[in-house]
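Below is one structure, written out as structure tokens, with a few remarks after it.
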Amino acid sequence: MQDKAISLHDVDLSLGRGAARVHILKGLTLDIAPGDAVGLVGPSGSGKSTLLMTMAGLERPDSGRIIVEGTDLAALDEDALARFRGRRIGIVFQSFHLVPTMTALENVALPLELAGNGEAFERAEAELQAVGLGHRLHHYPAQLSGGEQQRVAIARAIVPNPAILVADEPTGNLDEATGQSIIDLLFALKRDRGATLVLVTHDLNLARLCDRTVRLRSGRIEADPTSVSA
Ligand code: ADP
Ligand code: MG
């Protein structure tokens with residue numbers, strides 16, 4: 001096993017064109033240990049989502065190094081990066097991002113089908129059962145509650161057995177009780193599968209459950225206490 005699940009060194013990243021170009025991540029250096037749960041916190045606009053997408057290989061930095069599970073992301077072309085992401089990194093969004101024309105089962109099977117896995121539907125059904133949705137396999141996203149849609153999205157994220165699970169405000173569109181059940185699910189998955197969990201959150205109760213919190217301000221790391229559990 002690698003001694004670091006994710007390692008960013010002096011990462012700079014800008015997005016947008018022309019006058020709208022924004023320098024978002026500024027010389028960011030951060031190591032995340034395998035199996036840790038890390039909470040990314042900080043004011044709106046501080047770069048949390050951009051940092052999460054950058055460590056998940058969805059944004060390329062302007063400069064700096066990103067090593068995920070021992071692989072330097074800069075060494076991968078777009079196809080190889082997409083395959084790497086598909087196998088190693090599960091991504092959960094605030095607004096679920098399910099395919100509306102596909103059932104829960106089809107949504108969860110999709111990443112495995114794209115990877116040519118012959119057991120995509122069996123595996124997808126098992127994961128939907130694991131997230132408590134065995135009775136909603138053939139429902140479409142519009143026929144599911146927000147909490148159920150997020151469970152489908154989590155099943156889709158974990159179905160390839162990724163080493164890393166990242167989540168951007170996964171409870172942001174849910175009421176408190178539903179959000180709590182999603183938090184419980186994410187932490188149970190991290191525990192049971194030994195995955196590294198990185199999540200952006202405004203919720204201090206959620207941040208407190210993490211092994212570590214990293215606070216961003218204006219694209220820089222402000223404080224990185226080893227633990228917030230005390
Ligand atoms: P957070 O998740 O902490 O709220 P973001 O990472 O979404 O912050 O955004 C950080 C800053 O970068 C914000 O000021 C935002 O407006 C800007 N930004 C984000 N995405 C883009 C983009 N594609 N083009 C230009 N600016 C962007
Ligand atoms: Mg954000």
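One-based numbering, in listed order, for ligands and for the atoms of each. Positions are given from 1 along the sequence. Everything quoted here is computed from the prediction, not taken from an experiment. Below, all heavy atoms of this structure are taken into account, side chains as well, without hydrogens, waters or symmetry copies.
When the heavy atoms of G45, P43, S218 are ranked by distance to atom 14 (O) of ligand 1, first place goes to G45.
Side-chain N/O atoms of D168 and Q94 include no donor and acceptor closer than 3.5 Å. Using a 3.5 Å distance cut-off with no hydrogens or angles, the side chains of D36 and T196 do not pair a donor with an acceptor. Residues S181 and D184 have side chains that never bring a donor and an acceptor to within less than 3.5 angstrom of each other.
Look at A20 and you'll find a heavy atom under 4.0 Å from some atom of ligand 1. Heavy-atom separations between G219 and ligand 1 are all 4.0 Å or longer.
Checked by atom type and distance alone, the side chain of D62 pairs as donor or acceptor with a backbone atom of S14 at under 3.5 Å. With hydrogens and angles ignored, the 3.5 Å screen pairs a side-chain donor or acceptor of K26 with a backbone N or O of S218.
A salt bridge does not link E78 with R83: every distance from a Lys NZ or Arg NE/NH1/NH2 to an Asp or Glu carboxylate oxygen is 4.0 Å or more. Residues R193 and E127 are paired through a salt bridge, judged by an N-O separation under 4.0 Å between the basic side chain and the carboxylate.
Under 4.0 Å from ligand 1, heavy atoms of L15 appear from its side chain as well as its backbone. At a 4.0 Å heavy-atom cut-off, ligand 1 touches T50 through backbone and side chain alike.
If you check which protein heavy atom lies closest to atom 8 (O) of ligand 1, you get G47 N, 3.2 Å. Scanning the protein for heavy atoms near atom 26 (N) of ligand 1, the closest one is V22 CG2, 3.5 Å. Of the protein's heavy atoms, S49 CB, 3.7 Å lies nearest to atom 7 (O) of ligand 1.
Shown in contact with G16 at under 4.0 Å from a heavy atom are these atoms of ligand 1, numbered in order with element: 24 (N), 25 (C). In the vicinity of I24, heavy-atom distances shorter than 4.0 Å reach the ligand 1 atoms 10 (C), 12 (O), 17 (C), 18 (N), 19 (C), 27 (C).
Atom 16 (O) of ligand 1 is not flagged as protein-proximal [any protein heavy atom, distance under 4.0 Å].
Under 2.8 Å from the Mg ion (ligand 2) lies an N/O/S atom of S49, whether from backbone or side chain.
Between L216 and L28 the shortest side-chain heavy-atom distance falls below 4.5 Å.
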